[in-house]
Amino acid sequence: MKRIGVLTSGGDTPGMNACIRSVFKTGVDMDMQVMGIYHGYKGLIEGRVDYITHEMVENKMHKGGTVLRTARSEEFKSEEGTKKALNVLKAYGIEGLIVIGGDGSFRGAEALFKLGIKVIGIPGTIDNDMGYTDFTIGFDTAINNVMNEIYKIRDTMRAHDRVGVIEVMGRRCGDIALWAGVSGAADLILVPERPMPWEDAANILAANKLRGKLTSIVLIAEGAGSSEAFCEYVRAHTDVEIKGTVLGYIQRGGNPSAFDRVLAARLGQRAVELLSDGKGGYAVGIKNNKIVSVPLEQAVNVNDTFDDKLYDLNSVMAKF
Ligand code: F6P
């Protein structure tokens with residue numbers, strides 16, 4: 001394979017730049033030309049394609065965001081849109097494509113693969129909601145970002161004997177809430193995978209207050225409800241003083257952690273190796289600290305697993 005392309009798609013994640021760098025350098029080392037596609041599938045349809053250069057990736061791996069920019073494209077989801085994208089790839093002579101993104105981006109990758117393009121998916125989403133891989137690029141940075149904010153919020157909540165509710169990202173997945181909650185010693189974690197009636201949650205907070213624990217920290221994944229609605233519920237049903245914070249995009253930006261940079265480098269390398277072996281239609285990931293590749297079709301259909309044991313561990317830690 002002489003010419004490959006790489007794009008980032010969907011929500012950006014810290015570590016995407018480290019991954020682009022790895023794809024570029026591994027490709028160049030294998031005598032390939034590496035082209036960057038700007039603004040994900042949207043840019044692909046519009047032909048926003050150019051060579052990646054050393055200058056583009058130099059001194060960028062430590063930065064969040066993505067030098068290739070990203071986008072969500074409705075047009076690409078249509079048959080016509082996918083065909084337009086295919087024509088652009090053909091016009092540029094791109095024989096293999098690497099897509100860095102989440103499960104929506106992988107479905108797009110699968111569609112292109114079915115039209116005959118060799119595509120490899122690299123998991124990049126802070127949500128960690130892809131079941132075929134233990135970790136996605138950006139998740140580790142996001143939970144570290146959240147953990148650091150928890151301690152700031154706890155300081156001020158303690159000063160006022162308040163309960164602090166922190167809403168974190170994760171549309172369908174509670175992993176950010178779970179891992180940040182465990183590392184930040186949360187008193188209660190509300191996630192879609194372990195639905196808890198708000199009545200029970202409010203009772204826990206009221207009981208904490210009664211036993212003298214005046215400050216509790218609650219992590220709520222956006223998929224389990226909003227912090228605002230939860231705070232209103234607790235105010236209406238208990239005498240607990242409660243304040244909510246929506247962390248929002250602060251958790252998706254910033255310098256990637258060492259773990260994310262290393263993961264990004266390893267996954268980028270494997271993706272290029274697969275293309276160089278003439279293979280397409282795979283997603284790369286990490287299982288038990290080994291880099292693995294599974295068919296894209298399988299990757300998008302594996303249900304995400306939730307670590308119930310970790311959730312239960314936190315419940316015990318929060319008991320006393
Ligand atoms: O998919 C990653 C994610 O960060 C979700 O957790 C969140 O719901 C969503 O992206 C936000 O996306 P947008 O950038 O479109 O607001």
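Counting starts at 1 for both ligands and their atoms, in listed order.
- Atom 13 (P) of ligand 1 has as its closest protein heavy atom Arg72 NH2, 3.5 Å.
- Between Phe259 and Phe135, the ring center distance clears the sub-6.0 Å criterion.
- Tyr282 and Arg270 form no side-chain donor-acceptor contact under 3.5 Å, judged by distance and modelled atom types alone.
- For atom 6 (O) of ligand 1, the choice among Thr13, Asp127, Ile126 with the nearest heavy atom turns out to be Asp127.
- Given atom 1 (O) of ligand 1, the protein heavy atom at minimum distance is Arg171 NH2, 2.7 Å.
- Residue Gly170 places at least one N or O, backbone or side chain, under 3.5 Å from an N or O of ligand 1.
- Judged by distance alone, the side chains of Ser257 and Asp140 do bring a donor and an acceptor atom under 3.5 Å apart.
- When the options Thr13, Thr136, Thr141 are evaluated for a side chain to side chain donor-acceptor pair (under 3.5 Å) with Asp260, the one that passes is Thr141.
- Considering only non-hydrogen atoms, atom 8 (O) of ligand 1 lies nearest to Glu222 out of Met169, Gln251, Glu222.
- The 12-atom threshold is exceeded at NZ of Lys60, counting heavy atoms of other residues, nucleotides or ligands nearer than 6.0 Å.
- Tested against Thr245 for a side chain to side chain contact (heavy atoms under 4.5 Å, CB included), the candidates Ile153, Val168, Thr156, Ile150 yield a single pass: Ile153.
- Distances below 4.0 Å separate heavy atoms of Tyr249 from the following atoms of ligand 1: 13 (P), 14 (O), 16 (O).
- For ligand 1, the atoms closer than 4.0 angstrom to any heavy atom of Arg252 are 3 (C), 4 (O), 9 (C), 10 (O), 11 (C), 12 (O), 13 (P), 14 (O).
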